[in-house]
Amino acid sequence: MAATNTRTSLNSLFKEVYGNYHMLLPEGFRVQTDMPFRTSKKLGDVFVENVLLAHEHGVTYAGASDDSVTMITAEAGQTRGARIQGTQIIIRSRIGYNAASSATGGEESFRRAFDVVVENMTLSGRKRLEIDCLYGQDELATIEGTASTSVITINDAEWAPGLWAGMEGAKLEIYSAAGTDARGTAVSPAEGAIYTISSVDLAARTVTLTGTVDFSADGIIAGDRIFFRSQRTESTENSMKGIHAILGTETGNLFDVPVDGYSLWSPSQHSTSGTLSYSDVGKAVVQVISKGLDEGLCLYINPSTWADLADAEATRISHDQQMKGGQVDVGADGIKFYSQNGGIVIKSSIYVKEGYGYMIPPSYWERIGATDLTFSVMGEESGYFLWVQDETSYELRQYSNQAIFSSQPGKGALITGIVNA
């Protein structure tokens, strides 16, 4: 008779089979792949990193015949502690005693019982994290037109197929354009106005919703913003500041450092009004190299935008002449565009919205926090499987506490206004 797994034996087998599985970065999560995770010491509720804001100015010039020179007083460069708040993502999954008991017989039977669960949790966690890395503290999308029925249409510029594919069953909340008013008249006031994705039409760019709302009175209008459930409230952001929010910061504070008055800290923006061209890319590069950039760049764009650029490669001969010997290489991993700073790798991502492009020097960007996505929520000594009270099941959890950070955001650029052919 086969033995019955206990919580201790399940924990032991899980460590043997999936000990490093949480480190897996499936293909397609380009931002997480390009930005390494670094554990940082947390001070209170924030991480603190010192950043350079302005150069030294205690500089003395002297003529060739000057012998004894009185030097100008030292004037230190401007540095400051940037404060980064790591936010948390927690994913829960339950496995019944019956299923857990069938995982006896060593690693192979354990894999058969848990591979699908563990892989799905990892993909789900990485997907939510990738979306936060790009659009944390910004909406998943804005709504085009009204939604008197349960079918909403996503604005073209805000459309990214990766945000919606496979998300049937996900819970959403909808807010006004200002983000101050939650939309929806709750059928069950105690639960709130929660929308559930019942189907997604990737071709029509529509999302069909069900949920605890009265769709005849929900008041959804064009420009309203869509968020995952619990991502925000009417007054609080519960996700990290993503690349879109960082590069789009033109005024106010960025990581608790004022953008106004510090040109090296202020990100650049370039607006186009049509298909993205190599000329647009070159103009965005000019803005960042003016702040001292001489490192390689990465530009993340939507697959439709990438296709337009690949088509434009046919005209690269005349373009190269304009760029004084520049070169464009088109390959499966991206388009490499050689410009004044050196190389720009242009990468397609299904998570990037059609109307935007994100240009960053990867060497100045990273993910920092208490922990990257992990199954060991409270340390290995506590194990991986938790008892579920009043239910014959175990619970697995994944946990992340981190944030995107750039020590030199001024060397990045947000490209807007892209309309794909």
Side-chain angles (χ1 to χ4, degrees), residues 2-29 31-33 37 87-133 161-172 194 196-200 210 228-231 239 350-351 367 369-402:
T4 300
N5 271 318
T6 65
R7 181 171 173 267
T8 300
S9 63
L10 287 172
N11 284 330
S12 177
L13 282 167
F14 191 94
K15 184 175 181 180
E16 289 178 25
V17 176
Y18 303 113
N20 293 317
Y21 198 85
H22 64 278
M23 300 300 293
L24 176 68
L25 264 171
E27 200 170 327
F29 300 123
V31 173
Q32 294 172 74
T33 301
F37 177 84
T87 55
Q88 304 170 85
I89 294 177
I90 306 103
I91 298 179
R92 305 167 69 188
S93 183
R94 291 188 177 180
I95 302 96
Y97 287 170
N98 190 41
S101 296
S102 69
T104 57
E107 292 185 13
E108 286 306 312
S109 62
F110 191 85
R111 280 189 179 279
R112 286 194 297 271
F114 289 98
D115 263 3
V116 173
V117 173
V118 173
E119 182 178 351
N120 193 25
M121 287 185 72
T122 300
L123 288 171
S124 300
R126 287 294 176 191
K127 178 165 183 169
R128 293 295 183 111
L129 191 55
E130 187 81 357
I131 293 170
D132 261 12
C133 285
L163 296 183
W164 304 104
M167 298 306 285
E168 291 83 357
K171 309 294 184 182
L172 304 176
I194 306 301
T196 301
I197 299 176
S198 64
S199 65
V200 176
T210 59
F228 287 126
R229 184 181 184 181
S230 78
Q231 263 193 316
S239 57
I350 60 174
Y351 298 99
R367 294 178 291 126
T371 180
D372 199 1
L373 199 65
T374 178
F375 283 101
S376 185
V377 176
M378 300 177 66
E380 290 185 6
E381 66 279 357
S382 65
Y384 304 93
F385 289 87
L386 308 175
W387 295 109
V388 179
Q389 290 187 348
D390 302 323
E391 186 176 309
T392 58
S393 62
Y394 298 103
E395 183 167 295
L396 273 173
R397 293 182 187 176
Q398 274 194 318
Y399 178 76
S400 165
N401 184 328
Q402 62 183 279

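Since this is a predicted model, take the numbers as computed values, not measurements.
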Output for pair (Ile90 CD1, Arg397 CZ), nearest 0.5 Å, gives 8.5 Å
Between the CG atom in Leu373 and the OG1 atom in Thr122, the distance rounded to the nearest 0.5 Å is 6.5 Å
Hits for salt bridge (Lys or Arg N to Asp or Glu O under 4.0 Å) against Glu168, two or more places apart or cross-chain, chain-then-number order -> none
All heavy atoms of Ile95 vs all of Ala100, minimum pair found to be CG2-N, 4.1 Å
Rounded to the nearest 0.5 angstrom, the CD-CG distance for Gln402 and Asp132 is 9.0 Å
Sorted by chain and number, sequence neighbours left out, side chain to side chain contact (heavy atoms under 4.5 Å, CB included) with Ser199 holds for Thr208
Here the pair of heavy atoms bringing Leu396 nearest to Met121 is O-CE, 3.7 Å
Hits for salt bridge (Lys or Arg N to Asp or Glu O under 4.0 Å) against Arg92, two or more places apart or cross-chain, chain-then-number order -> Glu395
For Leu129 and Asp372, the nearest pair of non-hydrogen atoms, with its separation, is CD2-OD1, 3.9 Å
Worksheet item: Do Leu172 and Phe228 have side-chain heavy atoms sitting under 4.5 Å apart?
Response: yes
Closest heavy-atom pair, Phe385 versus Asn11, reported as atoms and distance to 0.1 Å, is N-OD1, 2.9 Å
Test item: Trp164 and Ile197 side chains (from C-beta on) under 4.5 Å apart, heavy atoms: yes
For Thr87, the side chain to side chain contact (heavy atoms under 4.5 Å, CB included) test, sequence neighbours excluded, returns Met240
What one should report as the nearest heavy-atom pair of Ala165 and Lys127 is O-NZ, 2.5 Å
- Do Tyr384 and Phe114 pass the ring pair (Phe, Tyr, Trp, His ring centres under 6.0 Å) test, and can you show the C-alpha distance, the side-chain angles, and the key distance before you say yes or no? CA-CA 13 Å; Tyr384 304 93; Phe114 289 98; over 10 Å; no
Output for pair (Arg126 CZ, Ile91 CD1), nearest 0.5 Å, gives 10.0 Å
When every non-hydrogen atom of Arg94 is compared with those of Ser393, the smallest separation belongs to CD-OG, 4.1 Å
Rounded to the nearest 0.5 Å, the CD atom of Glu119 sits from the OG atom of Ser124 at a distance of 10.0 Å
Exercise. Mark yes or no for whether Gln88, through its side chain, and Tyr399, through its backbone, hold a donor-acceptor pair below 3.5 Å.
Key: no
Contacts of Tyr351 meeting ring pair (Phe, Tyr, Trp, His ring centres under 6.0 Å) (sequence neighbours excluded), chain-then-number -> Phe29
Residues passing the side chain to side chain contact (heavy atoms under 4.5 Å, CB included) test with Ser230, sequence neighbours excluded, are none
The reported gap from OG1 in Thr374 to CG in Asn401 (rounded to nearest 0.5 angstrom) is 12.0 Å
Is the ring pair Tyr394/Tyr97 parallel, tilted or perpendicular, if the boundaries are 30 and 60 degrees? tilted
